[in-house]
2 protein chains.
Amino acid sequence: MRTKCMNCQIKSTAVKALSVTELEFLEENCYEIMYRKGEMIIEKGKHSTHIAYIKSGLVKIHMEGPRNDQVLKIAPKETYVGIQSILSDQVHQYSATALQDCLICHIDVRSFRQLVKKNSGFANELIIYLCEDELNYFKRFVSQSQKQINGRLADTLLYFATDVFNQDVYELPLSRKDLGTFLCTTRESATRSIRELCDLGALRVNKNRFEIRNRTLLQTISKTG
Amino acid sequence: MRTKCMNCQIKSTAVKALSVTELEFLEENCYEIMYRKGEMIIEKGKHSTHIAYIKSGLVKIHMEGPRNDQVLKIAPKETYVGIQSILSDQVHQYSATALQDCLICHIDVRSFRQLVKKNSGFANELIIYLCEDELNYFKRFVSQSQKQINGRLADTLLYFATDVFNQDVYELPLSRKDLGTFLCTTRESATRSIRELCDLGALRVNKNRFEIRNRTLLQTISKTG
DNA sequence: TCTATGATGTGATTTCAATCACATTTGTGT
DNA sequence: ACACAAATGTGATTGAAATCACATCATAGA
């Protein structure tokens, strides 16, 4: 049996603003799916009937570019994916792929829109969510265009340690190739950059097991590019 | 005497969703200012009490990076600037500077938030606005990280021709330096790229007067990077 | 167990753009 | 009209990262 929205433990801030009746309405217009690592959750170009909400697991948001598939974001739980389809019943502008096994809640986009129109508290929280998300992209944009690879890698490793895993030793759920496209570089350059940070003593790496050994140094590398 | 919001000819889609009473409320909580070319409209780090709405003129949105000041966006009229301050009474996360003489409407952020909470149609339009804006940044992010300078310049020149001036001959309101930072490169490389596109016959340039001579060629350059 | 396919590490080389250096033009205030 | 500061154009050089090429290591089937 599926979990009732009302009892859902990882409601978004927006959903917390809904009334009991609205939660019951939501309940009838969403459903959960488990995705295995590597499966596509939403696909660019496909008709967008649902918004996805990550209940657990990590998701890669990516978009075709002129050369590569570009990773825009590595999204942890409690992230909305494909919310831009709220614009209209159009097609998804980007793809999302599970990096780990993921529990995803799919919400019917028309019902979602109805909730926005009915409950301005819900709408308000969504606005806040979108603004924060956009600010994060601004920062990422600036970093990406002004820092060198080592700086961008340092950023990313700190991001995983601080915001995703909350510890300094973790299993990086990305292939070197994905890490490369997330860093806006190539697989080879990503590999080399990892080795440089190891040589500097900031890191220890074994396969995908990363250990941050000198956080201060990493932060310095992140700052100076 | 100032224009009444009700009669304002360049209302945002969101403001069009407001009732007469709400428009009167808005009227009492916003004011217009003319900015001269070069003046700062909002400044990073300053307390954000107002959201700016561009009624006329072009505005540069920019943010400090580790090396440069990075231009995030060249915003034309009917753009909200600093809307992210809706998050809370915090400080602005980026700056905005007038590239031309600009008429700006400053809206008290608390009143703005009240309108969001009161009128879900207003909130809904804002959500749509934010989603579109974010999608544009996604595309810019991908272009910037995968295209070479000529491709990025082609993009930008087409953007001005199509979305800003709506004609193929225009006065570019950016210094070479600003153009450089918008393209995520240096002044020198921007200059060289302009010359290359001229040599290819895609452009004709005299000072800041740009003329697109071969739109198809520019589009090809934009696509292939 | 063996094989095959994909992922990864690493050196050599090339390429694009940054940096440096300086000439020239433009603009501004007196 | 003049002087000075700021913006722009342009060549020479350097440098970071992409590309190429290939070896090695996993991993999943047969």
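Atom set for the values below is all heavy atoms of this structure, side chains included, hydrogens, waters and symmetry mates excluded. Chain naming here is simple, since letters A, B, ... match the order of the sequence lines and numbering starts at 1 in each.
Checking the phosphate oxygens (OP1, OP2) of D:dG9, a side-chain nitrogen or oxygen of B:Thr191 falls inside 4.0 Å. Residue A:Arg195 places at least one side-chain N or O closer than 4.0 Å to OP1 or OP2 of C:dT10.
In this structure, CZ of A:Arg187 is placed 14 Å from C1' of D:dA17, rounded to the nearest angstrom. Here C:dA17 presents its P atom at 14 Å from CD of B:Gln146, a figure rounded to the nearest Å. In this structure, CG of A:Leu172 is placed 14 Å from C1' of C:dT8, rounded to the nearest angstrom. A:Lys37 places its NZ atom 12 Å from the C1' atom of C:dA7, with the value rounded to the nearest Å. The nearest whole Å value for the distance from the CD atom in A:Glu196 to the P atom in C:dG9 is 14 Å. The distance between atom CD1 of A:Ile149 and atom P of C:dA18, rounded to the nearest whole Å, is 14 Å. Taking atom CG of B:Leu183 as the reference point, atom C1' of C:dA18 lies 15 Å away to the nearest angstrom. With rounding to whole Å, B:Lys147 atom NZ is found 19 Å from D:dA18 atom C1'.
The nucleotide whose nearest atom lies closest to any side-chain atom of B:Thr185 is, among C:dT8, C:dA18, D:dA17, C:dA18. For B:Arg67, counting side-chain heavy atoms from C-beta on, the closest listed nucleotide (D:dA17, C:dA18, D:dA21) is C:dA18. The nucleotide whose nearest atom lies closest to any side-chain atom of B:Arg176 is, among C:dT8, D:dT8, D:dG11, D:dT8. Of the candidates D:dA17, D:dC20, C:dT26, C:dT26 carries the atom nearest the B:Lys207 side chain, counting heavy atoms from C-beta on. The side chain of B:Gln148 sits closest to C:dC16 out of C:dT10, D:dT8, C:dC16. Here the nucleotide nearest the side chain of B:Glu188, chosen from C:dG9, C:dA17, D:dT10, is D:dT10. Looking at the side chain of B:Ser189, the nearest of the listed nucleotides C:dA18, D:dT19, C:dG11 is C:dA18.
Salt-bridge check for A:Lys37 with A:Asp101: failed, with every basic side-chain N at 4.0 Å or more from each acidic carboxylate O.
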From CA spacing to verdict: side chain to side chain donor-acceptor pair (under 3.5 Å), B:Gln93, B:Gln84: CA-CA 8 Å; B:Gln93 299 290 307; B:Gln84 286 80 7; over 6 Å; no
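Here the rule is side chain to side chain donor-acceptor pair (under 3.5 Å) with A:Asp69, and of A:Lys177, A:His62, A:Lys60 only A:His62 fits it.
The six-membered or imidazole ring of B:Tyr129 lies near that of B:Tyr80, with a centre-to-centre distance under 6.0 Å. For B:Phe138 and A:Tyr94, the gap between ring centers is short of 6.0 Å.
Nearest-nucleotide mapping onto DNA chain D: of B:Asn208 and A:Arg192, the residue sitting toward the 5' end is B:Asn208.
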